[in-house]
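The structure under discussion appears below in the form of structure tokens.
All figures in this text were calculated on a predicted structure; none of them were measured in a lab. Whatever order the structure lists ligands and atoms in, that order sets their numbers, starting from 1. When a residue number appears, it is its place in the shown sequence, counting from 1.
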Amino acid sequence: MITIIRNVDVYKPEYIGKKDILMIGNKIATVEDNISIELNCHVEVNEIDGSGKIAVPGFIDSHVHLLGGGGEGGFVTRTPEATLSSLTKSGVTTVIGCLGTDGVARDLMSLLAKAKALEEEGITTFIYAGSYRLPLKTITGEIMKDIMAIDKIIGIGEVAISDHRSSQPSFDEFAKAAADARVAGMLSGKAGVINVHLGDGKRQIELLERVVNETEIPITQFVPTHVNRNPELFEKCVQYAKRGGYIDFTGSEDPDYNEKLDGEISFSKGLKRLMEENVSMDNFTLTSDGQGSLPVFNEKGELVGLGVGTSRCLIKAIKDSVKKQNIPLEIAIRALTSNPAKAFKLKNKGRIEKGFDADLCLLDKNLDIDTVIAKGKVMVQDKTPIVFGTFEEKQ
Ligand code: ZN
């Protein structure tokens, strides 16, 4: 399949002006002015008029509970699995799946099977070994073997700290798991990253900082997530990012409500703060926590409400950054493209450039997602999914 997008404003994520994008098979062949191709054979060429639209790399959502998550309010609160179109219509072309609180009734082998299914359905998928808890449950019996032997496993997580739902990991347990992930990553050419769930406990990032300070494991080995869950935690994480660490924001479909409810810092306001503090613009990512439950607890730790996260929050955060905080699109969009590609060492992802995977989104002038292409195939057209997962009802 050959696809040409004509006359589109390209953010690769850096803005490079109006260009044509030529995709052959699942790769970007070139990005140039006025591409013309002459074919002396019968090959279908799909021409897309990109005028009035903006092309950005396909989104990398690096923290999604693909199997569903939750369950903290009993079995009836277990959330449903992700579907192909729920991801693609939100612009997601690469997803990293994780287990959360429940690594017992949901296990890693099922997560791997789910990730393989989504890959066959058309997007790119990876997973983390483990769940909230240490010691970590693996497929092969060892963290290092899982990362080295199973292509889709690129690290471990989400390991929970400072949370009443964590396994209350010790310094030694946490450092040992991180060391195994790092060395296995080195040996297999992967990131070997440790995705760290930060709870709202008063210890905040103490354990993470101790491991960074007291061991030789570099700060870039970790991606702490939910950094924006409250102002105090966020300020700690701003300082952590200033030291060179990655930090991952969790998006919200209603940032104003979440700000009022528990002081959550929206991505757009948080990014503004990072810019004021001169944090490296390579060091932040944004994820949806998709399919996870969004539990609301009272001061006694009792569950009082529940929702389900989706990847829809991603573009909302980008729009708010551009429209409400006047942050350039080429900066904000890094959170979903070049930055996670770097943090997770995803080769050929996160950029609209020759040789990279043909994953991209076309946005309209209002920054709404109009078209989504994954591995060279149009998945969403005119804001409507046209490719569906095996058991999805076509809407
Ligand atoms: Zn989490």
### Query
Quick one: do the Lys323 and Asn366 side chains pair a donor with an acceptor below 3.5 Å?
yes

### Query
Got an N, O or S from His226 under 2.8 Å of the Zn ion (ligand 1)?
yes

### Query
Is the closest side-chain donor-acceptor distance between Ser266 and Glu259 under 3.5 Å?
no

### Summary
Atom name of the N, O or S atom of His197 nearest to the Zn ion (ligand 1) is ND1

### Message
Show the nearest heavy-atom pair for residues Ile21 and Ala55, with the distance to one decimal.
### Response
CD1-CB, 3.9 Å

### Message
Can a side-chain donor-acceptor contact be found between Thr140 and Thr138 if the only test is distance below 3.5 angstrom?
### Response
no

### Query
Which N/O/S atom belongs to Glu158 and is the closest one to the Zn ion (ligand 1)?
OE1

### Query
Under 2.8 Å from the Zn ion (ligand 1), is there an N/O/S atom belonging to His63?
no

